[in-house]
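To keep things clear, I will list the structure first and then write my remarks on it.
A quick note: this is a predicted structure, and the numbers were derived from the prediction, not measured. Note on naming: letters A, B, ... go to the chains in the order of the sequence lines (proteins, then strands), and numbering restarts at 1 for each one.
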Protein chains: 2
Amino acid sequence: MRILGIDPGSNATGFGVVEHFAGSVRHVAHGVLRPPRGGELAARLEYLHRSIAEVVAEHRPDVAAIEQVFVATNPRSALVLGQARGALLSALAAAGLTIREYSPSQIKQAVTGDGHASKRQVQTMVRRQLSLEHAPASDAADALAAAIRHAHAGRLEAVGVIPRGSRRRRLGGFVVNVRPSR
Amino acid sequence: MRILGIDPGSNATGFGVVEHFAGSVRHVAHGVLRPPRGGELAARLEYLHRSIAEVVAEHRPDVAAIEQVFVATNPRSALVLGQARGALLSALAAAGLTIREYSPSQIKQAVTGDGHASKRQVQTMVRRQLSLEHAPASDAADALAAAIRHAHAGRLEAVGVIPRGSRRRRLGGFVVNVRPSR
């Protein structure tokens with residue numbers, strides 16, 4: 001299974017592709033999409049939409065993993081982030097991808113064992129787990145971490161820790177996977 | 001000149017197309033895009049992206065007018081609205097449209113003479129100005145009002161009230177037209 005992880009941002013959107021097979025996770029590609037600075041808002045959003053579609057066309061992932069937004073930020077940043085997410089998510093859905101969202105702490109936990117790990121720690125552990133020569137840029141590392149988190153979810157489901165088709169809850173438009181409360 | 005007005009929303013996005021020629025504004029089309037209820041977030045955004053692209057392909061506007069967001073809302077609504085805007089704006093840019101933003105009060109002022117007009121008043125005046133048999137739904141009326149506002153901007157520019165290529169200011173990612181301060 002190929003997993004595309006995405007860390008959306010209006011100035012820099014990280015992406016990372018991993019392959020998950022027989023319990024191991026292998027690095028395929030990663031990078032950062034940077035809309036041309038100074039361009040008009042709509043042109044920048046179109047750049048994100050088109051570029052992520054190109055990434056999907058090139059690497060043909062089966063599923064996309066993306067960080068869930070807990071809006072602790074102010075409304076202006078939420079709007080700007082929302083616009084980037086809208087441009088990206090509409091492209092992923094157009095490509096027929098299933099999209100799964102994970103909380104920042106679930107993602108950090110999956111790669112570092114610590115839900116409150118620093119960005120640097122995520123970079124270090126992503127590099128180590130995928131046997132990369134250099135640590136990826138922070139946005140790309142976060143994207144790869146989201147992809148790794150999804151690979152783990154599959155494994156946890158497979159061994160029955162998280163039942164397949166576990167309860168799902170709607171939270172302000174987002175579908176969230178909820179572990180059984182017992 | 002054909003103008004596409006848009007009133008973005010995640011549950012209902014209004015659109016309206018008018019033709020502006022020789023000082024008069026003529027109605028071409030209007031409607032409301034409603035993503036299927038209960039669908040996944042990304043699928044709903046893809047619906048908006050694809051549907052507005054279809055509207056553009058059918059009516060071939062030269063420019064799009066959209067309401068500028070003054071975020072008085074909470075971060076959650078800003079995120080949700082941002083996602084809809086991101087899906088829509090990326091489609092408009094992909095179609096090569098120029099996009100102009102107008103404040104809510106500029107739009108209301110243009111159709112009712114009152115920057116604080118009610119939704120009902122906007123519906124009534126849009127219907128009257130475009131000689132429609134029925135008042136359009138509120139989202140479509142707001143979209144038509146944005147298009148009418150842009151037609152007026154052209155007229156004001158033509159008579160020199162607003163100089164063509166007037167100063168433009170960046171405001172949190174948005175390009176805003178600013179009238180000369182004298």
Side-chain angles (χ1 to χ4, degrees), chain A residues 6 8-11 13 35-53 63-64 66 68-101 168 170-176, chain B residues 6 8-11 13 35-53 63-64 66 68-101 168 170-176:
Chain A
I6 297 180
S10 63
N11 292 323
T13 286
R37 287 219 166 244
E40 299 242 341
L41 169 67
R44 294 166 55 85
L45 294 170
E46 194 273 325
Y47 175 91
L48 289 179
H49 183 91
R50 181 166 34 86
S51 303
I52 203 68
V63 59
I66 189 167
Q68 197 178 325
V69 183
F70 290 102
V71 191
T73 54
N74 64 60
R76 170 61 56 185
S77 334
L79 180 76
V80 170
L81 175 61
Q83 288 174 161
R85 284 174 59 96
L88 293 161
L89 289 173
S90 57
L92 298 178
L97 286 184
T98 299
I99 293 146
R100 288 289 167 263
E101 298 196 75
R168 297 166 94 203
R170 282 214 154 262
L171 194 75
F174 300 103
V175 175
V176 185
Chain B
I6 297 180
S10 63
N11 291 323
T13 287
R37 286 218 166 246
E40 299 245 341
L41 170 66
R44 294 166 55 83
L45 294 170
E46 195 273 324
Y47 175 91
L48 289 180
H49 183 92
R50 181 167 34 85
S51 302
I52 204 67
V63 58
I66 190 167
Q68 196 179 325
V69 183
F70 290 103
V71 190
T73 55
N74 64 60
R76 172 59 58 186
S77 334
L79 180 75
V80 170
L81 175 60
Q83 289 174 160
R85 284 175 58 96
L88 294 161
L89 289 173
S90 58
L92 298 178
L97 286 186
T98 301
I99 294 147
R100 289 290 167 261
E101 297 196 74
R168 297 165 92 202
R170 280 209 157 267
L171 194 74
F174 300 104
V175 174
V176 184

- Task: Find the distance between CG (L79(B)) and CG (L79(A)) and round it off to the nearest 0.5 Å.
- Result: 9.0 Å
- Item | Atom of L45(A), atom of G86(B) and distance for their closest heavy-atom approach | CD1-CA, 4.0 Å
- Note on the structure: Looking only at G82(B), A87(B), A43(B), most heavy-atom pairs under 4.5 Å shared with chain A are made by G82(B)
- Any chance you could measure S90(A), atom OG, to I52(B), atom CD1, to the nearest 0.5 Å? 12.5 Å
- Minimum heavy-atom distance between L41(A) and R85(B), given as atom pair plus value: CD2-NH2, 4.1 Å
- Note on the structure: Under 4.5 Å to a heavy atom of chain A? For A94(B) that would be both
- Between atom NE2 of H49(A) and atom CG of L89(B), what is the distance when rounded to the nearest 0.5 Å? 12.5 Å
- Heavy-atom pair of closest approach, residues A78(A) and P75(B): CB-O, 3.3 Å
- Message: Measuring from atom CD1 of I99(B) to atom CD of E46(A), what distance do you get when rounded to the nearest 0.5 angstrom?
- Response: 10.0 Å
- Message: Please find the pair of heavy atoms, one from A93(B) and one from A42(A), that lie closest to each other, and give the distance.
- Response: CB-O, 3.3 Å
